Protein chains: 2
Amino acid sequence: MPGSIKLADVAKLAGVSLGTASNAFNRPERVRQEVREQVAAAARKLGYLGPDPKGRLLMGGKAHAIGVLPAGEISVAHAINSPFFRDFMLGVSEICDENRANLLIVSGTKDRKDWAIRNALVDGFILGHTGEVELVSQRHQKVPFVVMDVDAGPDVSSVRIDGRTGARRAAEHLLALGHRRFAILAMSRRPVSPIWHPASDLSRRLVGSFPLDHEKLLGYGDAFEAAGISLDNVPIVESHPPTGWVEAGASMLFERAPKATAILAMSDRHAVAVLVEARRRGIRVPRDLSVVGFDNAPDAVTSDPPLTTVAQPLVEKGRIAARIVFGGGPPRQDILPVELIVRSSTSRPRRQS
Amino acid sequence: MPGSIKLADVAKLAGVSLGTASNAFNRPERVRQEVREQVAAAARKLGYLGPDPKGRLLMGGKAHAIGVLPAGEISVAHAINSPFFRDFMLGVSEICDENRANLLIVSGTKDRKDWAIRNALVDGFILGHTGEVELVSQRHQKVPFVVMDVDAGPDVSSVRIDGRTGARRAAEHLLALGHRRFAILAMSRRPVSPIWHPASDLSRRLVGSFPLDHEKLLGYGDAFEAAGISLDNVPIVESHPPTGWVEAGASMLFERAPKATAILAMSDRHAVAVLVEARRRGIRVPRDLSVVGFDNAPDAVTSDPPLTTVAQPLVEKGRIAARIVFGGGPPRQDILPVELIVRSSTSRPRRQS
DNA sequence: CTGAAAGCGCTTACAG
DNA sequence: CTGAAAGCGCTTACAG
């Protein structure tokens, strides 16, 4: 079995000690050229290709990879399939390439991620949830990390966006067009059936959402309030982005909130589901219904009609996050700007009855 | 430093030997419940969260991840951004999810991949090139693997497609429509400027291509021959898929082979580049020019016009490959079927002058 | 510049 | 069921 040659064998054949053999590979400048060549020759003869990373890892070596944990309970498959995630990963992977590191995608339910945070063989993490912060600090081997889209305090690096302002802009845009009857398709991070939050329920809380989603709700509320509308009177459906769940959410919205002339969707994925469901029902967008998305993910441009949405710098966000992980400087909290982009999914409401 | 607690500390506090403590975590059935609880209590008190995977790995433990090496010299960023790769990864990641494993994406130049094959902390590999096979068998820790899109002999598992037949179908389709003047936009796997292979050069070989690409060339040739056309008379441009390179390739094709009424592209990515370049030049597809792609990646449907292309089961291919890695059975060679899909990028040629 | 030794954190036969 | 010992493959002070 040629794979079982170890550094000790090479050392023996070369007639040097184990330590010297190790140095020949890792700190060649500490070894006389002559000896270095003996070791190299022995290694060649034995078919030894260099120190096994498993042994090296134990002494504090690098794994040459960073782990990414997409927010919420989604599978690797769903993550990769999400235009949002893909754009973000584009930025992350650019920086990985620069650092000659590989990319480990960890996804699934909370317990699986928790397991991975403690056990994954990586040099750092991009996290998607505050709860994961504690776990990563409990690791045997400390590694740098950054949390996405949530403030985790001054001691933890985070990169997020101004979701509240973005959401407010979206709602203001619809209000300016003359809309007064709204419905919200909110984000749920968990794989559960869509949840109906009827209007006028004074203490409504999204149940499967993350802080960013709450911020967006507040942002919608800010705009409504300025127009004399109470957020409490706006019906909300909360739904999970992957295919199936989100379409069900869009469908529920049409069933239970048929009077809305405009829908505020917390992601472009949600908005596209509304578009699809509207077409299925013969409702024309934007003539019969206006829809505003969030993120400006690639599908916002390719949808039919192209989405009015709130853009965030997804690729740049990935770059910044990855740089924090590789750079390892002091904790920093970045907040990235958002911007309303008007396309063709919004217009003035039709004359109301 | 709370992270430096090790199993030995837990064992001491619990008043048991190291071996018993290890068993309490890994083979609880071998430990009396009472002792098991002592160990658990000690661990809790010390804030010990389970054996460090680094130590465990050395004794043959699993990394709980598989590595994927996209074919050719592309960055992680480009890989993720490729609709082809994404569909493939969708299948791979589905099976990863089933096996509760994570996904390590290794990309870049050959030497970086070689390094990763020998050193990456994974339990198996999906490879993109025959040359990588030898490296993975040289690993200290043997792991199962599969090679994509190339026959690596009966001892190595591989998953590929019938590229020759697929390419023949593409060319036959154009011939049946009446086309006689062709040009080929071929695949290069390396980041080099487009390469011009003029017609009538008898011994043309693609220089940056993989076996599958040669197969496709042969397939085109099969169809041409049956129609009395020599492949040698068909101009070829070879170009690398990522943005920039491929557009340059398409542009070169228009410059140097302006008389072609139909273009055979070796991937949908290449075909889309032709569509874009055609529009830029005011050439209407399919009226002035027919284009056939390959793969039926997601962008084949969303392009304008939608592409006539040769479909391969990309997602299923990913599933099959991943199952081979996780399943670890005897070597097998799968060849997946292809199928011509006619959309709107092909039509009869205009009356030729 | 080189060697002998200790140790990284854990698991696994082997005795008992 | 439990313990003492050897070892996984390597690196790193520490002497010389």
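The model shown is predicted, which means the values in this text are computed figures rather than measured ones. Protein chains get the first letters and strands the later ones, always in sequence-line order, with residue 1 at the start of each.
- When the C1' atom of dC10(D) is taken as reference, atom CD1 of Ile5(A) falls 16 Å away, rounded to whole Å.
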Show your working on side-chain contact (heavy atoms from CB on, under 4.5 Å) between Val68(A) and Phe85(A) and close with a plain yes or no.
CA-CA 11 Å; Val68(A) 178; Phe85(A) 184 70; 4.2 Å; yes
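- Every residue meeting the salt bridge (charged side-chain N to carboxylate O under 4.0 Å, His left out) condition with Lys110(B), not counting sequence neighbours, appears here in chain and number order: Asp114(B).
- The side chain to side chain contact (heavy atoms under 4.5 Å, CB included) test applied to Val136(B) returns Ile117(B), Phe125(B), Leu127(B), Arg139(B), Val143(B), Phe145(B), not counting sequence neighbours.
- Distance CZ (Arg118(A)) to P (dG9(C)): 17 Å, rounded to an integer number of Å.
- Remark: Ile335(A) engages Arg160(A), Asp162(A) in a side chain to side chain contact (heavy atoms under 4.5 Å, CB included) (not counting sequence neighbours).
- With 3.5 Å as the limit, one finds a donor-acceptor pair spanning the side chains of Asn26(A) and Arg56(A).
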For DNA chain C, just give me the dot-bracket, please: Watson-Crick or G-U, both distances below 3.5 Å, ( ) intra-strand, [ ] crossing earlier pairs, | paired with another strand, . unpaired.
|||.||||||||.|||
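- Atom-to-atom, CD of Gln33(A) to P of dT2(C) comes out at 12 Å; the value is rounded to the nearest Å.
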Which is it for Phe326(A) and Ile95(A) under the side-chain contact (heavy atoms from CB on, under 4.5 Å) test, yes or no, and what are the steps along the way?
CA-CA 8 Å; Phe326(A) 285 111; Ile95(A) 306 304; 3.8 Å; yes
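- Scored by the side chain to side chain contact (heavy atoms under 4.5 Å, CB included) test, His78(B) finds Ile74(B), Ser75(B), Pro242(B) as partners (sequence neighbours excluded).
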Verify side-chain contact (heavy atoms from CB on, under 4.5 Å) between Arg86(B) and Ile80(A), making sure each step is shown before the conclusion.
CA-CA 7 Å; Arg86(B) 206 184 306 143; Ile80(A) 289 198; 3.6 Å; yes
When every nucleotide of nucleotides 11-16 of chain C is labelled 5' to 3' by its protein contacts under 4.0 Å (heavy atoms), B for base, S for sugar-phosphate only, - for none, what sequence of letters results?
BB----
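- The separation between Asp52(A) atom CG and dC8(D) atom C1' is 9 Å, rounded to whole Å.
- At whole-Å resolution of the value, NZ in Lys54(B) and C1' in dG7(C) are 14 Å apart.
- If you measure from atom OH of Tyr48(B) to atom C1' of dG9(C), you get 7 Å, rounded to the nearest angstrom.
- As rounded to whole Å, 14 Å separates atom P of dG7(C) from atom CG of Leu58(A).
- In this structure, Glu29(B) and Pro53(A) both approach DNA chain D, and ranking their closest nucleotides by distance from the 5' end singles out Glu29(B).
- Other residues, nucleotides and ligands place no more than 12 heavy atoms under 6.0 Å from the CZ atom of Arg190(B).
- Here dC8(D) is the nucleotide among dG3(C), dC8(D), dG3(D) with the atom lying nearest to any side-chain atom of Lys6(A).
- Rounded to an integer number of Å, the gap from CG of Leu49(B) to C1' of dG9(C) is 15 Å.
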